[in-house]
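Inspection log for the structure reproduced underneath, given as structure tokens.
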Amino acid sequence: MLFPSTVRGAAVLAVVLAGFTVSCDAEPAAPPAASAPADGGAPGPSDPSPAGLSQAPAQTALPDRPDLVRDAFARLQATLDDSCTPGNCAYVLGRLDDELHRMDRAMKADPKGPGHFPEPVALIAKLDEELGGDRSTPNLEKHRSLLTGTRDRINTWMQGHPDDYR
């Protein structure tokens, strides 16, 4: 009586395989749309939907969680090869300004305190004073040498303090 159980097994297997074939040919379901939270803001980490799980790039620090000094320094060093060419100067200078301020926030939030980073903090304060709160492209271009000089001096200072970024 082996034959009847083999036929039944083959029939079950055929139905299962047919089911897989149908599901493989079907169009994938559209991902659920992310809904904005009740406060009108963007979905955040508390939003259980897949679309709400960390939409921000991994390198972007949250306002209440500044980068570590080593991470901010790595991002600042990544600007060393950037150059202002027609068409990208606004981006390059804006990025450099952003990375300098990311570094400033990281040093001030470091457990060692801003007093551990006196020269870099002072250099960024001087930069801010010169910029006068104007982060427009024309003003950043006007202060291009100050921006790059500040970055280069902070880079040199940090190279002399490897325990702060390793």
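In this structure, His161 and Glu119 have side chains that are not in contact, with every pair of non-hydrogen atoms separated by 4.5 Å or more. Taking 4.5 Å as the limit, every side-chain heavy atom of Phe73 sits out of range of all side-chain heavy atoms of Met107. You'll find the side chain of Met158 reaches within 4.5 Å of the side chain of Met103, heavy atoms only.
Between the CG atom of Leu93 and the OG1 atom of Thr148 there is a distance of 8.5 Å, given to the nearest 0.5 Å. In this structure, Leu96 CG and His143 NE2 are separated by 13.5 Å, a value rounded to the nearest 0.5 Å. Atom CG of Leu123 and atom CG of Asp104 lie 10.5 Å apart (nearest 0.5 Å). Residue Glu141 holds its CD atom at 10.5 Å from CG of Leu147, rounded to the nearest 0.5 Å. Atom CG of Leu127 sits about 4.5 Å away from atom OG1 of Thr150, to the nearest 0.5 Å. We find the CG-CD distance between Asn155 and Gln77 to be 5.0 Å, quoted to the nearest 0.5 Å.
Within a 6.0 Å sphere centred on CG of Asp81, heavy atoms belonging to other residues, nucleotides or ligands number 12 at most. Dense packing is recorded around CZ of Arg95, with more than 12 heavy atoms of other residues, nucleotides or ligands lying under 6.0 Å away.
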Stepwise salt bridge (Lys or Arg N to Asp or Glu O under 4.0 Å) check, Asp128 with Arg135: CA-CA 9 Å; Asp128 285 342; Arg135 301 238 172 333; 2.8 Å; yes
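Here the closest non-hydrogen pair linking Asp67 and Asp71 is CB-CB, 4.4 Å. The two residues Arg144 and Cys89 have their closest heavy-atom pair at NH2-SG, 3.7 Å.
No donor-acceptor contact under 3.5 angstrom links the side chains of Ser136 and Asn139, judged on distance only.
Take Asp98 and apply the salt bridge (charged side-chain N to carboxylate O under 4.0 Å, His left out) test, not counting sequence neighbours, and it matches no residue. When the side chain to side chain contact (heavy atoms under 4.5 Å, CB included) test is applied to Asp110, the partners found at least two apart in sequence or on another chain are Val69, Lys112, Phe117.
The hydrophobic clustering, which links ILVMFWY residues whose side-chain heavy atoms are closer than 4.5 Å, places Val92 and Leu100 apart.
Screening Leu146, Asp134, Leu131 against Leu140 for a side-chain contact (heavy atoms from CB on, under 4.5 Å) leaves a single residue, Leu131. When Arg151, Arg75, Arg105 are each tested for a salt bridge (charged side-chain N to carboxylate O under 4.0 Å, His left out) with Glu99, only one passes: Arg75.
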